Amino acid sequence: MPTTERAVPPRVAAAERVAAEAGFKQSCVPEVGRLLGLAATTKPHGVIAESGTGSGVGTAWLHSGLGAEARLVTVERDAELARRAAGVFADDDRVAVLTGDWRLLEQHAPFDVFFCDGGGKRDDPERVVELLAPGGLLILDDFTPSPHWPPQFDGEVDELRLFYLTHPALNATEVLTTPFISTVVAARRP
Ligand SMILES: C[S@@+](CC[C@H](N)C(=O)[O-])C[C@H]1O[C@@H](n2cnc3c(N)ncnc32)[C@H](O)[C@@H]1O
């Protein structure tokens, strides 16, 4: 029977099973995941970071582009989720799944790719930018597409999105990853 869905990497499928077992419903969608894999591929010797591991779906997408010399570090404050996600990567010592607050990531900075998806994005955006290496890529998921400039959410200017899109240290844009999800992609100016 032909399918219309593109297959996902086996490790992503494993992390999706963990999400289903844990009842976790905030994993990134494959359209965002493919962007994560692409970003990791651009930095074959890089430090790839993620705040908010969840069950490891985004981590697995980042892993799909991970170079042999690269490292991937992710952090999750929910200890049970972190434990389950760590199991998905137990065979690969390039990957570290940390348990605790997103600021634990700081000891691994600067980041060549930072998928900021749980902690940092809203509570300390300036620090998020500081943690990027020159040329480092920042990916921020889960915005609502807006035809306006400045971008709006719920009829108000979306100040957080505006912060990232206009930050002087970033060259940033917004892409529609699905018709309903917009993702900010930025590179730190050298
Ligand atoms: C949107 S989900 C992450 C989804 C995951 N990145 C993916 O793509 O599949 C956000 C996660 O961030 C975690 N989180 C929220 N605030 C955090 C913080 N300050 N430090 C660490 N983790 C945090 C939540 O527990 C939740 O599991």
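Starting from 1, each residue takes its place in the sequence as its number. All of these numbers come straight from a predicted model, not from anything done at the bench. Numbering of ligands and ligand atoms starts at 1, following listing order.
The existence of a salt bridge linking Asp158 and Arg161 is confirmed by a sub-4.0 Å separation between a basic side-chain nitrogen and an acidic carboxylate oxygen. Between Asp78 and Arg84 there is no salt bridge, since no side-chain nitrogen of the basic residue lies less than 4.0 Å from a carboxylate oxygen of the acidic one.
In this pair, Phe114 and Trp102 present their aromatic rings parallel. The plane angle is below 30°, not in the 30 to 60° band.
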Listing, residues 132-152 side-chain donor-acceptor contacts under 3.5 Å, not counting sequence neighbours, or none:
unit_1: Ser146; atom_1: OG; unit_2: His148; atom_2: N; d: 3.2
unit_1: Ser146; atom_1: OG; unit_2: Gln152; atom_2: N; d: 3.0

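Applying the 4.5 Å side-chain rule to ILVMFWY residues, one finds that Leu38 remains a lone member of its cluster. Within the hydrophobic cluster formed by Ile, Leu, Val, Met, Phe, Trp and Tyr side chains joined at under 4.5 Å, directly or through other members, Leu81 is accompanied by Phe24.
Within 4.0 Å of ligand 1, the residues that place a heavy atom are Phe24, Gln26, Ser27, Cys28, Glu50, Gly52, Thr53, Gly54, Val57, Gly58, Glu76, Arg77, Leu81, Gly100, Asp101, Trp102, Phe115, Asp117, Gly118, Gly119, listed by chain and number.
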